[in-house]
Amino acid sequence: MTAVCHPPTRFHHVHGANVCVDPSGTQATRVESFANGLCFSLEPLAPGQIFLVEIEEKELGWCGHLRVGLTAHDPCSLDVLPEYSLPDLVNMGDSWVFAITRNHNRVTVGTAEDQATTRVRSFLSNPYLLIEQVRIPRDKLVGRSRPGRYSHLLDDLYKTNVLPATARRSRIGVLYTLQPDGTADMHIVINVPSLQTLCRLAIQKHIAHRLDIDGLNLPPVLKNFCKYE
């Protein structure tokens with residue numbers, strides 16, 4: 001099994017009327033109303049290639065779900081863009097779309113401490129997310145863009161797997177893997193802990209006090225990150 005490396009994904013220039021895509025193609029913003037919000041990847045996804053989005057802001061006043069999925073339709077070939085992914089795009093056929101709710105990743109397995117220990121062991125043995133025959137580097141699935149003033153609060157939420165899937169800073173990805181019989185499986189990835197977070201857990205497990213981190217032979221940036229600074 002080998003790690004799959006793909007170029008960064010971007011949004012297609014064809015999109016819903018109520019969406020604005022920035023010139024770099026990396027940010028899509030809803031600008032009005034509740035419909036006509038479809039976005040597509042710029043290039044077709046290859047097997048094992050993940051399209052990952054991070055929720056940067058949320059608009060108040062509307063109630064709905066983020067929807068993600070796959071389609072075999074070329075956006076440029078559509079005479080009229082569907083108003084909704086569900087049910088409009090799916091009803092066209094060759095499209096598979098699912099609604100992501102705030103409770104999608106609320107899975108409880110053991111205590112929070114048990115979960116953290118399991119994730120640390122997983123990190124030490126394999127720094128990849130394993131999905132069937134695909135290995136995805138965890139650094140590509142960071143659940144938080146950068147350390148910040150409240151990073152320790154987010155870390156606790158990621159660690160205990162209770163950060164709502166539709167919360168700000170959540171990351172949601174979709175990919176597919178090919179099967180021997182010619183079919184494919186679609187996978188949705190929600191809030192995978194980053195290598196930074198797992199490194200922090202491994203380091204903190206072996207110190208008595210956060211200030212003891214100063215005596216470790218680590219780069220200053222990593223020391224500050226481990227102390228939540």
Side-chain angles (χ1 to χ4, degrees), residues 1 4-59 62-107 129-136 140-141 164-167 170-192:
M1 185 183 294
V4 178
C5 296
H6 296 286
T9 49
R10 287 176 166 76
F11 290 108
H12 202 284
H13 63 273
V14 174
H15 53 75
N18 289 331
V19 170
C20 177
V21 175
D22 77 329
S24 70
T26 60
Q27 185 179 56
T29 305
R30 177 178 289 281
V31 293
E32 187 178 359
S33 189
F34 60 90
N36 297 302
L38 265 66
C39 293
F40 303 90
S41 60
L42 178 59
E43 301 289 345
L45 293 184
Q49 181 181 14
I50 188 168
F51 190 93
L52 191 70
V53 296
E54 178 176 323
I55 301 175
E56 292 190 341
E57 297 292 342
K58 297 178 66 175
E59 183 180 1
W62 299 103
C63 181
H65 297 138
L66 177 68
R67 292 165 171 80
V68 298
L70 301 170
T71 182
H73 294 284
D74 182 348
C76 292
S77 69
L78 300 176
D79 295 330
V80 178
L81 207 60
E83 189 175 9
Y84 300 99
S85 58
L86 279 175
D88 300 359
L89 180 62
V90 171
N91 286 343
M92 294 174 60
D94 296 325
S95 298
W96 305 267
V97 180
F98 293 88
I100 304 298
T101 69
R102 61 178 282 109
N103 297 316
H104 252 83
N105 63 326
R106 292 198 175 188
V107 180
L129 173 67
L130 306 180
I131 299 179
E132 296 188 12
Q133 72 272 27
V134 178
R135 294 199 309 174
I136 304 175
K140 293 182 177 295
L141 303 168
T166 55
S170 280
R171 282 195 172 188
I172 301 171
V174 61
L175 71 152
Y176 71 94
T177 55
L178 298 178
Q179 301 303 311
D181 62 359
T183 62
D185 291 339
M186 182 171 73
H187 299 268
I188 296 174
V189 180
I190 302 175
N191 290 335
V192 174

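Panel note: side chain His12, backbone Val14; a donor-acceptor pair is recorded below 3.5 Å. Judged purely by atom type and a 3.5 angstrom limit, Arg67 uses its side chain to pair as donor or acceptor with the backbone of His65. For the pair Asp74 (side chain) and Leu78 (backbone), a donor-acceptor distance under 3.5 Å is absent. Asp94 places no side-chain N or O within 3.5 Å of a backbone atom of Ala72 that could act as its donor or acceptor partner. In terms of modelled atom types and a separation under 3.5 Å, the side chain of Asn18 and the main chain of Ser33 share no donor-acceptor contact. Remark: side-chain polar atoms of His15 are not paired, donor with acceptor, to backbone N or O of Asn36 under 3.5 angstrom.
Between Thr71 and the options Ser85, Ser41, Ser95, a side-chain hydrogen bond (donor to acceptor under 3.5 Å, both in side chains) holds for only Ser95.
Of the N and O atoms on the side chains of His187 and Glu132, at least one donor lies less than 3.5 Å from an acceptor on the other residue. Side-chain polar atoms of Asp185 and Thr177 form no donor-acceptor pair below 3.5 angstrom.
Enclosure of atom CZ in Phe98 is not indicated, since only 12 or fewer non-hydrogen atoms of other residues, nucleotides or ligands lie within 6.0 angstrom. Atom CD of Glu32 has 12 or fewer neighbouring heavy atoms from other residues, nucleotides or ligands inside a 6.0 Å radius.
Under the 6.0 Å cut-off for aromatic ring centres, Tyr176 and Phe51 do not qualify, their centroids lying 6.0 Å or more apart.
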